[in-house]
A.B. asks: 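Below is one structure. I have some questions about it.
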Protein chains: 2
Amino acid sequence: MLTERQIQVLQVIIDEFIQTAQPIGSRAIAKKEDISFSPATIRNEMADLEELGFIEKTHTSSGRVPSEKGYRFYVDNLMSPFRLSNQDMGMIQRTFEREMIEFEKVVQKSARVLSDLTNYTSIILGPEVFETTLKQIQIISLSEHTAVAILVTNTGHVEHRYFNVPTTMQTVDLEKLVNILNDRLVGVPIVHLQQKLYGEVAQMLQRYSSDFEATYAYLKEALLEKQPVKLYMDGKTNIMLQPEFHDIDKIQSLYSVMEKEDQIAHLLRTSGKGIKVSIGQENELAAMQDCSLITATYSLGDEQLGTIALLGPTRMEYSRVVSILNVLSSRLSQKFNSWY
Amino acid sequence: MLTERQIQVLQVIIDEFIQTAQPIGSRAIAKKEDISFSPATIRNEMADLEELGFIEKTHTSSGRVPSEKGYRFYVDNLMSPFRLSNQDMGMIQRTFEREMIEFEKVVQKSARVLSDLTNYTSIILGPEVFETTLKQIQIISLSEHTAVAILVTNTGHVEHRYFNVPTTMQTVDLEKLVNILNDRLVGVPIVHLQQKLYGEVAQMLQRYSSDFEATYAYLKEALLEKQPVKLYMDGKTNIMLQPEFHDIDKIQSLYSVMEKEDQIAHLLRTSGKGIKVSIGQENELAAMQDCSLITATYSLGDEQLGTIALLGPTRMEYSRVVSILNVLSSRLSQKFNSWY
DNA sequence: ATTTAGCACTCAAGGTTTCAGAGTGCTAAC
DNA sequence: GTTAGCACTCTGAAACCTTGAGTGCTAAAT
């Protein structure tokens, strides 16, 4: 649908604009090596490209700037696989070669390297292992009427929840409760914990004292409390380096949306497998509609664990960013696969 | 050293400037209710105040603006105790009346209410209880060569650390190790943990197999790893609402410094007891020298637990902020005293 | 039938000028 | 000591040029 030459012109405009953030004129394009037409010819092509919606003018007599449709075409059809520099690969390499046995650290460092390499803002949705099962539950009484339950999963994840305990509940009874829970719940997939808590175990505990029941009620509530999603961001200030964000209002609204972690988490969680690019208006969140968001997923075997993403201006180094995300997501997958 | 009338004029200038962020002229001052002199007289007084360094002009024929010295004088001598509105008190009240048994939540909500009430950025340094003792230690083996140690303190704080284990180490031995550690370490103040780990216990364990020693070495390392300070911030975007920060560069440098949590934590930790106001250049961190930082401490009995702070422009509503911090720090202290 | 040179036209950005308004400092009168 | 009056200063906005980059169109060249 586009002629070879139109594509060539579009490519130059996009490549150049990504570098300079300045509108590109016909003369500038004509000077490019692999372009062998006069500015006038290029102007004709540009007029067509504009009519088709791939490029825009910032004002009547300005050079051209890629439109979102233009970027979309670029990402879908024109993007050449980017060969990362040795330096970039080295930085990623070094992130993973240090012995780390905590996923938090791995993810944090990944976020850091992502934002350092790209000068955009990196966002990582921490791993959610759906096959996770409960490995052990432990209850420690803190005061007369409070206690803390500690859960350890087979993936080594540790969580704790505070809950109330009737003052009449004895420490021995608490231990008994723990034993029962361990008996019944160890090995249960976390996703099934809820039904287990309400079914079998609840029934069984009714045989004991009312204190048992009350304690169990508190505990159940604490355990079911939705655990906050783990979102790791880095390079938040990088956005301000971009010339298109030299405007306080844009920054303000963008920062506000970044504080809404649950929205971001939802966005990343529903991003689907593999690399996905959302350009400008394609983004659901209004505050992000001047940005592009590129997401990639990492996984354990076949199961998708989490998402890594980069947020930057629509004028983004798409091909480089995609390469980086590709490399990093597979490195992350490797790491997790080596553990579980 | 300042005459009554000079003080009056200074007060009006500061009060007015805090509200409007605009330079104040002699005419505007003369119009104020409790001022009964002509603009000309006021101009004379202002010339004196300027010579003394309490106020400044933004240009030759502009109105006056308070200098940092002026704010300092205001904070030290002029500030009247601010009576918080019922609405404000209500918001604070509501923050604390909900039943909460996790200090994280309490602190998070406090940070939120602080920034909501003031439209500045709130920073809270989480409680560090120095009398904290170890209540229980638990080790759970995760794989052939890794395990996680879970520490619970008498204050109900839970931490966990991952560490390596020699593959030849048996699970039974691990349990033995846990028993020994619990025997020796329970009740030990966290601050003395380090010496205990190196002294007594280390010696004792030498009697056992080399696996024991190796495991212990890994564990020790993991336990001593400095736990990151807990810093809670809220209302980071509020800064952008202030007209004096309608400048990207300032915001950028301020945000960058806010990301350096250890520096901020150090700043707050060394802020000393009670309310402290640092105005502009008085701040150590260069990026904060357009800001004022007001800190207050909360405590458990006599012992200082942590710090709450507000960061805003030097043109800050000092008296209101001080009142809010006063109320909130005592409410926080109350809460913690009711627990421990 | 393309491609290109030429040319008139447009617009943004930056510099100058002008003007009004707010505010000052000084002087002289009260 | 206080105040009215006045000349002076400076900012900020508006109006106006000027320049340069870039366009679209037309007509000639290929």
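Computed over heavy atoms, backbone and side chain alike; hydrogens, waters and symmetry mates excluded. Numbers restart at 1 for each chain; the letters A, B, ... are given by sequence-line order, proteins then strands. Owing to the predicted nature of the structure, the values given are computational and were not obtained by experimental measurement.
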A.B. asks: For the residue pair Ser38(B) / Thr41(B), report whether a side-chain donor-acceptor contact shorter than 3.5 Å exists.
C.D. replies: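 Yes, because at least one side-chain N or O of Thr41(B) sits under 3.5 Å from a partner of the opposite role on Ser38(B).
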A.B. asks: Over 60° means perpendicular and under 30° means parallel, so tell me whether Phe17(A) and Tyr71(A) are parallel, tilted or perpendicular.
C.D. replies: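 Rings of Phe17(A) and Tyr71(A): tilted, as their planes differ by 30° to 60°.
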A.B. asks: Heavy atoms within less than 4.0 Å of DNA chain C: which residues of residues 39-53 of chain B have one? Give them sorted by number.
C.D. replies: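 Result for residues 39-53 of chain B: Arg43(B), Met46(B), sorted by number.
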A.B. asks: Going 5' to 3' along nucleotides 7-12 of chain D, which nucleotides have protein heavy atoms under 4.0 Å from the base (write B), which only from the sugar-phosphate (write S), and which from neither (write -)?
C.D. replies: --BBS-
A.B. asks: Any heavy-atom pair between the side chains of Glu56(A) and Arg64(A) that's under 4.5 Å?
C.D. replies: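 Heavy-atom side-chain distance check fails, nothing below 4.5 Å.
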A.B. asks: Counting only heavy atoms from other residues, nucleotides and ligands, does the tally under 6.0 Å from CZ of Arg112(B) exceed 12?
C.D. replies: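 Counting neighbours around CZ of Arg112(B), 12 or fewer heavy atoms of other residues, nucleotides or ligands fall under 6.0 Å, so no.
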A.B. asks: Measuring only between side-chain heavy atoms, which start at C-beta, is Leu325(A) closer than 4.5 Å to Leu114(A)?
C.D. replies: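 Counting from C-beta outward, Leu325(A) and Leu114(A) do come under 4.5 Å.
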A.B. asks: Taking atom P of dT2(D) as reference, at what distance in whole Å does atom CD1 of Ile29(B) sit?
C.D. replies: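 Ile29(B) atom CD1 is separated from dT2(D) atom P by 16 Å.
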A.B. asks: Does a side-chain N or O from Arg27(B) land closer than 4.0 Å to OP1 or OP2 of dG21(C), or not?
C.D. replies: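 Indeed not, no polar side-chain atom of Arg27(B) lies that close.
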A.B. asks: Taking the side chain as C-beta and beyond, is there a heavy-atom pair between Tyr255(B) and Met240(B) under 4.5 Å?
C.D. replies: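 Yes, at least one pair of side-chain atoms sits under 4.5 Å.
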A.B. asks: Can you tell me the distance, in whole Å, between the CZ atom of Arg64(A) and the C1' atom of dA12(C)?
C.D. replies: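 For the pair Arg64(A) CZ and dA12(C) C1', the rounded distance is 16 Å.
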A.B. asks: Any salt bridge between Glu259(B) and Lys236(A), counting N to O under 4.0 Å?
C.D. replies: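 No, Glu259(B) and Lys236(A) are not salt-bridged.
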A.B. asks: Separation of Lys57(B) atom NZ from dG23(C) atom P, in whole Å?
C.D. replies: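 Answer to the nearest Å: 13 Å.
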A.B. asks: Which atom names give the shortest non-hydrogen contact between Ser115(A) and Tyr120(A), and what distance separates them?
C.D. replies: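 Ser115(A) and Tyr120(A) have their closest heavy atoms at CB-O, 3.3 Å.
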A.B. asks: Rounded to whole Å, how long is the line connecting atom CD1 of Ile55(A) with atom P of dT23(D)?
C.D. replies: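 In whole Å, dT23(D) P lies 9 Å from Ile55(A) CD1.
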A.B. asks: To the nearest Å, give me how far apart CZ (Phe37(B)) and P (dG1(D)) are.
C.D. replies: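 Answer to the nearest Å: 15 Å.
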